[in-house]
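Everything below concerns the one structure shown next.
Lettering follows sequence order; numbering is per chain, from 1. Only this structure's heavy atoms are used, side chains among them; waters, hydrogens and symmetry mates stay out.
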Amino acid sequence: MSKTLLVILGPTGVGKTKLSLSLAEYFNTHIISADSRQLYADIPIGTDAPSAKDLKRVKHHFVGTLKIDDYYSATRFEEEALEILNQLFTTHQTVLMTGGSMMYIDALCKGIDYMPTITLEIRNKVVESYKQNGLEYLVDKLELLDPDYSRIVDKKNPKRIMHALEICLMTGKTYSSYRTQSIKTRPFRIIKIGLIRPREEIYERINNRVDKMIENGLIEEAKRVYQYKENNSLNTLGYKELFCYFEKKITKQGEVWSLDYAIDKIKRNTRIYSRKQITWFKRDKEIRWFHPDNLNDIIEYLNSINC
RNA sequence: GGUGCCAUAGCUCAGUUGGUAGAGCAUCGGACUGAAAAUCCGUGUGUCCCUGGUUCGAUUCCUGGUGGCACCA
């Protein structure tokens with residue numbers, strides 16, 4: 001029998017955590033978390049990380065393993081998750097991966113192209129140039145250095161432009177030359193289970209969850225990490241909005257960010273995020289969709305394919 | 001009871017000197033390959049409250065309703 005990676009995915013708030021715990025117990029196995037923010041140890045409330053109790057019930061990987069200012073990326077996740085998977089497959093037939101970080105899931109399932117890590121020096125240089133000269137300047141520069149990519153890149157998206165430029169500047173080669181976009185095959189079977197609910201249910205659960213996070217001390221948690229706010233780990237739902245409130249920023253409507261406004265924004269942005277996830281997952285035809293309450297249907301399906 | 005103001009998108013409102021309408025928010029759709037909870041793009045048909053009148057033509061002006069708000073009794 002082949003080894004199986006069972007992927008449980010879905011939009012935020014749909015109920016992945018609860019179902020994954022049940023399934024992991026059913027298979028008596030571990031969970032690999034595919035969540036780019038639950039990786040960080042100091043922000044468990046805002047990222048809705050598995051509780052201490054959950055972690056005791058089932059062994060998790062990639063939860064709370066990083067410091068708030070650690071660098072991380074989908075590629076590192078690919079490498080490290082593969083390594084852990086290989087170990088786990090020596091003792092387990094089935095391993096679960098669960099999470100909502102779309103690119104992390106794809107990185108492990110399909111692989112992503114190798115690219116050199118950008119040095120801090122180059123990154124700062126490019127970011128600085130963006131601030132000084134604006135996006136169009138960078139677009140022009142990219143057109144010179146990598147005309148192929150320049151033709152297809154979204155020219156309004158600063159991150160895409162900057163990253164391609166960084167690669168060009170650092171390696172002296174084009175960004176396109178690293179972009180093979182080939183799909184890697186894995187030496188194990190991958191089964192994807194998608195969890196979905198009607199929109200209203202997802203939205204209601206998100207709204208309730210945010211209220212609960214506030215009750216559980218999200219504001220204090222955000223204050224504790226505020227000094228690290230420049231780090232990517234905190235460019236995150238829940239924190240960025242509270243930071244605006246802390247800083248008494250002015251809203252588009254010309255008012256000072258109140259706590260209520262920040263909380264509404266968190267809810268709204270989380271809803272938008274969940275939609276974005278749905279959009280991404282919709283493209284993946286390998287996903288078999290279920291309602292999270294139908295654990296039995298899922299197990300029945302898995303049995304039928306010899307899981 | 002009297003007077004004044006208001007009634008337009010799911011919400012808050014703008015607007016049409018009379019030629020059937022548009023912003024913000026909400027909603028919805030999409031892109032995505034080493035920062036991805038990031039970053040970026042796109043999306044507005046709605047009995048313009050109802051009725052009658054004037055008019056070639058009314059959501060717009062006028063009459064009368066209905067509902068809301070404010071003030072006066």
Worksheet entry | Phosphate contact (B:U27 OP1 or OP2) by A:Arg271 side-chain N/O below 4.0 Å | yes
With 3.5 Å as the limit, what N/O pairs link the protein to nucleotides 29-32 of chain B?
residue : atom : partner  : partner atom : Å
B:G29   : OP1  : A:Arg199 : NH2          : 3.2
B:G29   : OP2  : A:Arg199 : NH1          : 3.2
B:G29   : OP2  : A:Arg199 : NH2          : 3.2
B:G30   : OP1  : A:Lys282 : NZ           : 3.2
B:G30   : OP2  : A:Thr279 : OG1          : 3.3
B:G30   : OP2  : A:Lys282 : NZ           : 2.9
B:C32   : OP2  : A:Arg283 : NH1          : 2.1

Worksheet item: side-chain contact (heavy atoms from CB on, under 4.5 Å) with A:Ser258: which residues, sequence neighbours excluded?
Response: A:Asp260, A:Tyr261
Practice prompt. For A:Glu166 and B:U33, give me the distance from atom CD to atom P, rounded to whole Å.
Written response: 14 Å
Discussion item. I'd like the C1' distance from B:C6 over to B:A14, given in whole Å.
Written reply: 14 Å
Worksheet item: To the nearest angstrom, how far is A:Ile105 atom CD1 from B:A38 atom P?
Response: 15 Å
Worksheet item: Mind checking the C1' distance from B:A9 to B:U45? Whole angstroms is fine.
Response: 10 Å
Worksheet item: Would you say the side chain of A:Lys249 lies within less than 4.5 Å of the side chain of A:Phe243, judging by non-hydrogen atoms?
Response: no
Discussion item. Going by side-chain contact (heavy atoms from CB on, under 4.5 Å), name the residues that satisfy it together with A:Thr12, two or more places apart in sequence or in a different chain.
Written reply: A:Ile206, A:Arg209, A:Thr270, A:Tyr273, A:Ser274, A:Gln277
Discussion item. Taking the C1' atom in each of B:A38 and B:C32, what is the distance between them to the nearest angstrom?
Written reply: 11 Å
Worksheet item: Salt-bridged, A:Glu78 to A:Arg186, with N to O below 4.0 Å?
Response: yes
Discussion item. Between C1' on B:C40 and CE on A:Met162, what's the gap in Å once rounded to a whole number?
Written reply: 12 Å
Mind listing the side-chain donor-acceptor pairs of residues 150-158 of chain A below 3.5 Å, one per line with the distance, residues two or more places apart or on another chain?
residue  : atom : partner  : partner atom : Å
A:Asp154 : OD1  : A:Lys156 : N            : 3.0
A:Lys155 : NZ   : A:Ser150 : O            : 2.6
A:Asn157 : OD1  : A:Lys159 : N            : 3.2

Item to complete: Identify which nucleotide among B:U33, B:A35, B:A38 has an atom closest to any side-chain atom of A:Tyr273, counting heavy atoms from C-beta outward.
Response: B:A38
Worksheet entry | B:U20 and B:G65, which share atom name C1', separated by this distance in whole Å | 24 Å
Worksheet item: If you look at every strand shown and take non-hydrogen atoms under 4.0 Å, does A:Thr270 touch a base, only sugar-phosphate, or nothing?
Response: nothing
Discussion item. Measuring only between side-chain heavy atoms, which start at C-beta, is A:Pro50 closer than 4.5 Å to A:Gln38?
Written reply: yes
Worksheet item: Cluster question for you: counting only ILVMFWY and a side-chain heavy-atom cut-off of under 4.5 Å, with indirect links fine, are A:Ile272 and A:Val210 together?
Response: no
Worksheet item: How long is the line joining OH of A:Tyr175 and C1' of B:A35, in whole Å?
Response: 12 Å
Worksheet entry | Distance, rounded to the nearest Å, where A:Asp69 contributes CG and B:A35 contributes C1' | 15 Å
Worksheet entry | Side chain proximity check, A:Thr174 to A:Tyr149, heavy atoms < 4.5 angstrom | no
Worksheet item: Can you tell me how far C1' of B:C28 sits from CD of A:Gln277, to the nearest Å?
Response: 17 Å
Please list every donor-acceptor pair under 3.5 Å in which a side-chain atom of residues 161-173 of chain A meets a protein atom from a residue at least two apart or in another chain.
residue  : atom : partner  : partner atom : Å
A:Glu166 : OE1  : A:Arg123 : NH2          : 3.0
A:Glu166 : OE2  : A:Arg123 : NE           : 3.0
A:Thr171 : OG1  : A:Ile167 : O            : 2.7
A:Thr171 : OG1  : A:Lys173 : N            : 3.0
A:Thr171 : OG1  : A:Lys173 : O            : 3.3

Worksheet item: Going hydrophobic residue to hydrophobic residue with side-chain gaps under 4.5 angstrom, can you get from A:Trp280 over to A:Ile183?
Response: no
Worksheet item: Counting only heavy atoms not in A:Phe290, do more than 12 fall under 6.0 Å of its CZ?
Response: yes
Worksheet item: Is any side-chain heavy atom of A:Met102 less than 4.5 Å from a side-chain heavy atom of A:Arg283?
Response: no
Response to the item:
Residues A:Tyr104 and A:Ala34: closest non-hydrogen pair is CB-CB, 4.3 Å
Worksheet entry | A:Tyr72 side chain near B:A35 phosphate (N/O to OP1/OP2, under 4.0 Å) | no
Practice prompt. With P as the reference atom in both, quote the distance from B:G15 to B:A7 in angstrom, rounded to an integer.
Written response: 10 Å
Worksheet entry | Separation of the P atoms in B:U54 and B:U16, to the nearest angstrom | 26 Å
Discussion item. Both atom distances under 3.5 Å, Watson-Crick or G-U wobble: I'd like the secondary structure of RNA chain B as a dot-bracket string, with | for pairs made across strands.
Written reply: (((((((..((((.....[..))))..((((.......))))......((.((..]....)).))))))))).
Discussion item. Using a heavy-atom cut-off of 4.0 Å across all strands, would you classify A:Tyr104 as base, sugar-phosphate, or nothing?
Written reply: sugar-phosphate
Worksheet item: Between A:His60 and A:Leu21, is any pair of side-chain heavy atoms under 4.5 Å apart?
Response: yes
Worksheet item: Do A:Phe27 and A:Leu6 have side-chain heavy atoms sitting under 4.5 Å apart?
Response: yes
Discussion item. Would you say A:Tyr178 places a side-chain N or O within less than 4.0 Å of OP1 or OP2 belonging to B:G34?
Written reply: no
Discussion item. Pick the closest RNA chain B nucleotide for A:Ile183 and for A:Asp48 by heavy atoms, then say which residue is nearer the 5' end.
Written reply: A:Ile183
Discussion item. Does anything in residues 202-212 of chain A come within less than 4.0 Å of RNA chain B? Heavy atoms only, and list the residues if so.
Written reply: A:Tyr203
Worksheet item: Within this structure, what is the CG-to-C1' distance between A:Asp106 and B:A36, rounded to whole angstrom?
Response: 11 Å
Worksheet item: Less than 4.5 Å apart, any side-chain heavy atom of A:Tyr239 and any of A:Leu234?
Response: yes
Worksheet entry | A:Lys110 and A:Glu286 ion-paired at < 4.0 Å | no
Fill in: Close side-chain approach of A:Asp54 to A:Val58, heavy-atom, < 4.5 Å
no
Worksheet item: Looking only at atom P, what distance separates B:G30 and B:U43, rounded to whole Å?
Response: 15 Å
Practice prompt. Could you list by number each residue of residues 108-120 of chain A showing a heavy-atom separation from RNA chain B of less than 4.0 Å, or answer none if no residue does?
Written response: A:Ile112, A:Asp113, A:Tyr114, A:Met115, A:Thr117
Worksheet entry | Any residue meeting side-chain contact (heavy atoms from CB on, under 4.5 Å) with A:Asn207, in chain and number order, not counting sequence neighbours | A:Lys267, A:Arg271
Item to complete: Can you tell me the distance, in whole Å, between the NZ atom of A:Lys267 and the C1' atom of B:U27?
Response: 18 Å
Discussion item. Between B:G24 and B:U66, how far apart are the two P atoms, rounded to whole Å?
Written reply: 38 Å
Hey, what are the protein-to-nucleotides 10-13 of chain B N/O distances that come in under 3.5 Å?
none

Fill in: Those residues of residues 219-242 of chain A lying under 4.0 Å from RNA chain B by at least one heavy atom
A:Asn232, A:Asn235, A:Thr236, A:Leu237, A:Lys240
Which pairs of donor and acceptor atoms, one on a side chain in residues 61-75 of chain A, lie under 3.5 Å apart (sequence neighbours left out)?
residue : atom : partner : partner atom : Å
A:His61 : NE2  : A:His30 : ND1          : 2.9
A:Asp70 : OD2  : A:Lys67 : N            : 2.8
A:Tyr72 : OH   : A:Glu80 : OE1          : 2.8
A:Ser73 : OG   : A:Thr75 : N            : 3.4
A:Ser73 : OG   : A:Arg76 : N            : 3.3

